[in-house]
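Structure record follows, encoded as structure tokens.
Read the numbers this way: they start at 1 and go in the same order the structure lists the ligands and their atoms. Positions are given from 1, in the same order as the sequence printed here. Remember, predicted model here, so these are calculated numbers, not experimental data.
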Amino acid sequence: MSSGIKPIVAGNWKMNGILQSSDQFEAMCDGAGNLGEHVDLMICPPATLIGLFSKMANGKSVGVGAQDCHTAELGAHTGDLSALMLKDAGAGAVIVGHSERRADHGEDDALVNEKARAAWSANLPAIICVGETETERKSGQELEVVGKQLSASIPDGATPDNTIIAYEPVWAIGTGMTPTAADVETMHTFIRKEMTDRFGAHGAGFRLLYGGSVKPANAAELMAVPNVNGALVGGASLKASDFLGIAGVYA
Ligand code: PGA
């Protein structure tokens with residue numbers, strides 16, 4: 001609901017989803033109706049389901065994305081997946097720098113930056129995640145922390161076509177807590193300014209997503225905040241009715 005930018009609601013299934021879960025994905029594809037005219041829809045399932053879901057999504061208005069990629073295109077990296085492989089399986093974008101990757105795997109901004117460039121090399125847009133911890137917010141450092149993450153995680157060469165930014169305060173992820181609309185506005189205004197300062201006219205076109213405990217009940221308020229161009233949704237993206245309920249605020 002801002003500025004001619006087409007919003008996107010992306011669902012991050014994290015380490016959830018087995019073959020049986022394709023029922024929910026099918027219901028999303030079938031239930032999306034003409035929503036795709038107003039908002040881009042994407043589900044990032046575990047990599048094991050990308051191939052199946054991308055076939056199911058054929059001709060529908062729900063895209064399929066990946067949750068992470070390696071920095072290299074191929075090689076001796078047991079258990080890892082490259083952006084090329086994810087694209088080959090049917091992914092249309094890849095999340096990089098999610099706070100769970102940063103925390104569980106010690107991923108830092110430099111690695112996230114490299115992963116974003118790996119995504120681009122495979123012609124996949126990168127959804128680059130940033131966000132402060134609870135301690136950082138409590139000590140009033142959230143803008144400084146996010147500012148540093150943005151400058152170090154986003155590679156030079158980012159454009160609105162190859163990069164989406166997701167602001168996800170770590171303390172709001174999976175907790176049911178969200179910042180106030182005013183706090184989201186302060187952060188998203190800040191992120192927009194950082195992007196225009198660095199990328200000039202392009203900066204105005206980046207999609208800036210809010211993520212962290214987005215649900216059908218709070219989506220309308222959060223998505224109405226200036227400079228919020230969609231959502232990155234975890235838990236509530238596992239159920240078709242919730243996911244479509246969130247995306248439905250753009251109908
Ligand atoms: P949540 O997760 O919606 O379950 O809070 C958000 C995310 O991690 O992207």
Side-chain angles (χ1 to χ4, degrees), residues 7-17 21 24-25 28 39-47 49-50 53 62-69 86 91-107 112 115-116 119 125-134 136-137 142 145-146 149-150 153 163-181 183-184 187-188 191 207-223 225 228-250:
I8 175 167
V9 173
N12 171 11
W13 278 19
K14 310 188 178 182
M15 199 170 73
N16 299 289
S21 322
Q24 290 303 312
F25 186 70
M28 290 172 191
V39 54
D40 288 334
L41 300 172
M42 176 177 285
I43 290 293
C44 303
L49 293 174
I50 290 174
F53 282 16
V62 184
V64 179
Q67 299 175 14
D68 177 50
C69 66
L86 297 164
V94 56
I95 298 170
V96 295
H98 189 279
S99 67
E100 287 150 16
R101 298 290 316 174
R102 291 177 186 261
D104 293 357
H105 300 274
E107 297 193 358
V112 175
K115 288 187 173 198
I127 302 174
I128 303 178
C129 303
V130 296
E132 82 285 358
T133 63
E134 185 170 22
E136 289 161 346
R137 173 155 295 257
E142 66 275 9
V145 166
V146 168
Q149 290 175 334
L150 291 169
S153 298
T163 300
I164 293 170
I165 315 296
Y167 166 60
E168 300 204 302
V170 178
W171 52 273
I173 295 177
T175 59
M177 293 191 288
T178 56
T180 63
D183 286 343
V184 174
M187 180 60 78
H188 278 242
I191 296 174
R207 296 195 274 193
L208 310 183
L209 312 188
Y210 168 77
S213 295
V214 179
K215 301 190 169 21
N218 61 20
E221 186 186 10
L222 291 165
M223 298 303 102
V225 172
V228 171
N229 314 111
L232 183 55
V233 186
S237 72
L238 294 168
K239 269 183 64 188
S241 54
D242 285 348
F243 182 68
L244 293 175
I246 292 166
V249 308
Y250 288 109

(request) Mind telling me whether W13 and F53 have parallel, tilted or perpendicular rings, with 30° and 60° as the class edges? (result)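 Because their plane-to-plane angle is over 60°, the rings of F53 and W13 count as perpendicular.
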(request) For ligand 1, would you mind listing the residues that have at least one heavy atom less than 4.0 Å away, ordered by chain and number? (result)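 Only N12, K14, H98, E168, A172, I173, G174, G212, S213, L232, V233, G234, G235 have heavy atoms that fall under 4.0 Å of ligand 1, ordered by chain and number.
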(message) What I'd like to find out is whether the side chain of I50 reaches to under 4.5 Å of the side chain of P45, using heavy atoms alone.
(response)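 When only atoms from C-beta onward are counted, P45 and I50 do touch, with a gap below 4.5 Å.
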(request) Establish, from distance only, whether the side-chain atoms of T133 and E136 form a donor-acceptor pair under 3.5 Å. (result)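 Short answer, yes.
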(request) Just jot down the side-chain hydrogen bond (donor to acceptor under 3.5 Å, both in side chains) partners of Q149, sequence neighbours excluded, or say none. (result)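 For Q149, no residue satisfies side-chain hydrogen bond (donor to acceptor under 3.5 Å, both in side chains) once neighbours in sequence are set aside.
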(request) For T175, enumerate each residue passing the side-chain hydrogen bond (donor to acceptor under 3.5 Å, both in side chains) test, keeping only those at least two apart in sequence or located in another chain. (result)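 Expected list: none.
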(message) Going by ring-ring contact (aromatic ring centres under 6.0 Å, His included), name the residues that satisfy it together with W171, two or more places apart in sequence or in a different chain.
(response)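 With sequence neighbours excluded, W171 shows a ring-ring contact (aromatic ring centres under 6.0 Å, His included) to no residue whatsoever.
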